[in-house]
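Inspection log for the structure reproduced underneath, given as structure tokens.
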Amino acid sequence: YPVCLLATNANACVDTFCLNVVINEAFVLYAPNAFSPDGNGLNEEFFVYGNDIDPNAFTLQIFNRWGELLFTSNSLDDGWDGTHKGLKVKNDVYVWKVKTKSVSTGKRFEKIGSVTLIR
């Protein structure tokens, strides 16, 4: 953002100083706690999203309650559609894991959560 300071002294002399200020977004990862791949066109896939996520260093994994890997993706644009090996999985709570890093700081993150699938 361009930021400028305009100053006037007691003798009415005016001076201006401008500087571009860069504001780096803080790393934030959002994940819904439920989705419903039921064919109605709403919430059909589970995605994570946020700020400052490096798309070139991103992995999303989905596990069932026994730790079996059901889905993996290396793209923020690829969401889980609630299937495994082409078959619909049952209504249940699934664990997700994201490994990524911050674009601005290079700091690595591993986040884990759960999502409820409701058909």
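The model shown is predicted, which means the values in this text are computed figures rather than measured ones. For the single chain, residues carry numbers from 1 onward in sequence order.
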Please report, to 0.1 Å, the donor-acceptor pairs under 3.5 Å made by any side chain of residues 8-19, with sequence neighbours excluded.
residue : atom : partner : partner atom : Å
Asn9    : OD1  : Asn11   : N            : 2.9
Asn9    : OD1  : Ala12   : N            : 3.2
Asn9    : OD1  : Cys13   : N            : 2.9

Residue pairs fulfilling side chain to side chain donor-acceptor pair (under 3.5 Å) with at least one residue in [range], sequence neighbours excluded:
range	answer
residues 32-45	none
residues 58-67	Thr59-Asn74, Asn64-Glu68, Arg65-Asp92
residues 101-111	Asp52-Ser102, Asp52-Ser104, Ser102-Ser104, Ser102-Thr105

For a 4.5 angstrom cut-off between non-hydrogen side-chain atoms, does Phe58 reach Ile53?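 Result yes, sub-4.5 Å side-chain heavy-atom pair found.
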Please tell me if the side chains of Lys99 and Phe109 come closer than 4.5 Å, counting only heavy atoms from C-beta onward.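 They are not in side-chain contact.
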Could you tell me which non-hydrogen atom of Asp77 sits nearest to which non-hydrogen atom of Phe47, and how far apart they are?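 The answer is O-CE2, 3.2 Å.
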Please find the pair of heavy atoms, one from Gly82 and one from Pro37, that lie closest to each other, and give the distance.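 Smallest heavy-atom distance, with atoms named: CA-CG, 4.3 Å.
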Partner residues of Tyr30 under the ring-ring contact (aromatic ring centres under 6.0 Å, His included) criterion, sequence neighbours left out: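 Partners of Tyr30 under the ring-ring contact (aromatic ring centres under 6.0 Å, His included) test: Tyr49.
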Could you check whether any side-chain N or O of Arg119 sits under 3.5 Å from a backbone N or O of Val89, counting only pairs where one atom can act as donor and the other as acceptor?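 Yes, Arg119 side chain to Val89 backbone: donor-acceptor pair under 3.5 Å.
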Looking only at atom types and distance, does a side-chain atom of Asp78 sit under 3.5 Å from a main-chain N or O of Ser73, one as donor and one as acceptor?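 Answer holds: no.
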Which residues pass the side chain to side chain contact (heavy atoms under 4.5 Å, CB included) test with Ser114, sequence neighbours left out?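 Ser114 satisfies side chain to side chain contact (heavy atoms under 4.5 Å, CB included) with Val93 once adjacent residues are dropped.
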Rounded to the nearest 0.5 Å, what's the gap from [atom1] on [X] to [atom2] on [Y]? Could you check?
X	Y	atom1	atom2	result
Leu70	Tyr94	CG	OH	6.5 Å
Leu117	Asp81	CG	CG	9.5 Å
Leu60	Thr72	CG	OG1	7.0 Å
Tyr1	Asn20	OH	CG	12.0 Å
Lys85	Phe71	NZ	CZ	15.5 Å

Should Val98 and Phe63 be counted in the same cluster of Ile, Leu, Val, Met, Phe, Trp and Tyr side chains packed under 4.5 Å apart?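 Unlinked, Val98 and Phe63 end up in two clusters.
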Using the ring-ring contact (aromatic ring centres under 6.0 Å, His included) rule, take Phe35 and Trp80 through it: C-alpha gap first, then chi angles, then the decisive distance, then the call. CA-CA 10 Å; Phe35 76 116; Trp80 181 46; 5.5 Å; yes
